[in-house]
2 protein chains.
Amino acid sequence: MVATGEATDDGSARPLRADAERNRRHILDVAAEVFAERGLAATLNDVAHRAGIGVGTVYRRFPDKDALVEALWERKFVVLLEVAEHAAASPTGADAVRSFVCAAAEARARDRGLVEVLARAPSDRTARQRARLHAMVDEMVVRAQREGAIRPDVVAADVPLLVVMVAAVADCARDVAPDLWRRYTELLLDGLRPGPGTTELSGPPLEPGELGSVLQRRPA
Amino acid sequence: MVATGEATDDGSARPLRADAERNRRHILDVAAEVFAERGLAATLNDVAHRAGIGVGTVYRRFPDKDALVEALWERKFVVLLEVAEHAAASPTGADAVRSFVCAAAEARARDRGLVEVLARAPSDRTARQRARLHAMVDEMVVRAQREGAIRPDVVAADVPLLVVMVAAVADCARDVAPDLWRRYTELLLDGLRPGPGTTELSGPPLEPGELGSVLQRRPA
DNA sequence: GCGTAAGCGGATGCGAGGCATCCGCTTATT
DNA sequence: AATAAGCGGATGCCTCGCATCCGCTTACGC
């Protein structure tokens, strides 16, 4: 099999040499792995070392960390999209929402860099993709609300924040109790159900436009 | 008014000179403030600068950051104790739990260093104090459960984790929406109520003994 | 007042850690 | 075989936090 001629993401000038292209993919794979374990705090040197190749090789292919992260954006994002599509196929809106929140939380618990990566790269295209995902979630939420299965005062923009909350538990309990986050995800999901005993949420949710800047902040 | 003769926390050798003692208190005040804003990431140099005194002065009084943090432990802890006492006086167990969780979350939202400071200093005395607080919370939880007002599968050890979750939102939305954490605190509290629609929590909570190490981990 | 010990300030040195380059060697490609 | 492309990783630069050190100031006891 011959190289596809697709060196970089677009069909740019000259194709990479075979070994270079192989390395490029390898770097992406390893970077995804390293960022999953340690978040974006990991350095390109870490990635290179783990990949068993020289730092120079990494820096030649990706001028800096941002470039690498951007290249990673797509593959991290499709995970969520697929999760959303799977969830949207649920029989009820409530199931859809539950399924999505739970799967997104799980993805984030497993991948410490997920939110960080996705919140970066504010290009037009990524913005459009994010909007698309947001719309899907919104649809699930609205559907569930029409069924009366989740409280009327929550909103699609709440979902990422739920994930942030779960992520906090996942990160700090990772070593001691790797599955602890599930417990609190369930608690949160139960907080979404409507009915007697709920107190109207006191403040407004985040505007979708504010989400980006909020999610970028490292929770330190 | 003359110095009390209490130079350090215990009645050790010679009392500090008046200006030194004044500075010592000032350092503690300022440190509390700085850590509240920026967490334990703030440096002693930051503290000194903010206090308008030299770095040397800080380091003479507190050999390193740990010493300063330990000196701060008490005053941070009593805040929580008082909150707990106030909450415990609530008419119902449910109110007590709600009141405590909410007040603790608020304290943490306002004080970014709160959990970090409290989770440090693992001396006998602090351990005893923590145990005391834990017992109070436990009592509230049990009381609320006997009333049937909160679900039977939560436990006192869950409460700190709830605070951690809220803290994550508070920290990353701090600039954009300083009160956003309330929204999610309310959601969590609603997740605590019992009744139809709750799904039994799937995993065990943290053992109280594990809490310490989990809470120490910086959520990065 | 005055002598002196205690305190003060902050420039400074040290070390850690991340980022990115550079250049002599290797290898794919034609 | 010639050559351009790629490779490796030691290396230098820089930022940042921690803590010390020493010449000057100040409170305090007599």
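Because only heavy atoms are used, hydrogens play no part in the values below, and waters and symmetry mates are left out as well, while side chains stay in. The chains referred to below are lettered A, B, ... by the order of the sequence lines, with proteins before strands, and numbering in each begins at 1.
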Subject >> Rounded distance in Å - CG (L40(B)) to P (dC18(D)) >> reply: 11 Å

Original post:
Rounded to the nearest Å, what distance is computed from the CZ atom of residue R60(A) to the P atom of nucleotide dT21(C)?
Top reply: 11 Å

Subject >> Out of dA4(D), dA6(C), dC19(C), whichever nucleotide has its closest atom nearest the side chain of R17(A) >> reply: dA4(D)

Original post:
Quick one: which of dG7(C), dC18(D), dA10(D) gets closest to the side chain of V55(A)?
Top reply: dA10(D)

Subject >> Pairwise side-chain contact, L161(B) with R183(A), heavy-atom cut-off 4.5 Å (strictly under) >> reply: no

Original post:
Whole-Å distance between dC7(D) C1' and I27(A) CD1?
Top reply: 11 Å

**OP:** Check the distance between dT20(D)'s C1' and F62(B)'s CZ and give it to me in whole angstrom.
**Re:** 18 Å

Original post:
What nucleic acid atoms does D64(B) come within less than 4.0 Å of, heavy atoms only: base, sugar-phosphate, or nothing?
Top reply: sugar-phosphate

**OP:** Tell me which nucleotide among dG7(C), dC7(D), dC18(D) gets nearest to the side chain of L16(B).
**Re:** dG7(C)

**OP:** Classify the nucleic acid contact of N23(B) as base, sugar-phosphate or nothing, counting any heavy atom under 4.0 Å across all strands shown.
**Re:** sugar-phosphate

Subject >> Sub-4.5 Å side-chain heavy-atom contact between E116(B) and V69(B) >> reply: no

**OP:** Supply the atom-to-atom distance R60(B) CZ to I27(B) CD1, rounded to the nearest 0.5 angstrom.
**Re:** 9.0 Å

Original post:
Rounded to the nearest Å, what distance is computed from the CG atom of residue D46(A) to the P atom of nucleotide dA20(C)?
Top reply: 13 Å

Subject >> Check ion pair E186(A)-R182(A) (N to O, under 4.0 angstrom) >> reply: no

Original post:
Rounded to the Å, how far apart are N45(B) CG and dT20(D) P?
Top reply: 12 Å

Subject >> Nearest-nucleotide pick for T43(A), side chain only, options being dT26(D), dG18(C), dC7(D) >> reply: dG18(C)

Original post:
Just by distance, with hydrogens left out, do Y59(B) and D64(B) show a side-chain donor and acceptor under 3.5 Å apart?
Top reply: no

Subject >> Residue mapping more 5' on DNA chain D - nearest nucleotide basis, G52(A) or R22(B) >> reply: G52(A)

**OP:** Mind calculating the distance between NE2 (H49(A)) and C1' (dC7(D)) to the nearest angstrom?
**Re:** 16 Å

**OP:** Would you mind telling me which of dC19(C), dA19(D), dC8(C) lies closest to the side-chain atoms of T57(B)?
**Re:** dC8(C)

**OP:** Please figure out whether G54(B) or G56(A) has its closest DNA chain C nucleotide nearer the 5' end.
**Re:** G54(B)

Original post:
Can you check the R61(B) CZ to dA19(D) P distance for me, whole Å?
Top reply: 16 Å

Subject >> Which nucleotide in dC19(C), dC8(C), dC28(D) has an atom nearest any side-chain atom of Y59(A) >> reply: dC19(C)

Original post:
When you match P63(B) and D19(B) each to their closest nucleotide on DNA chain D, which lands nearer the 5' end?
Top reply: P63(B)

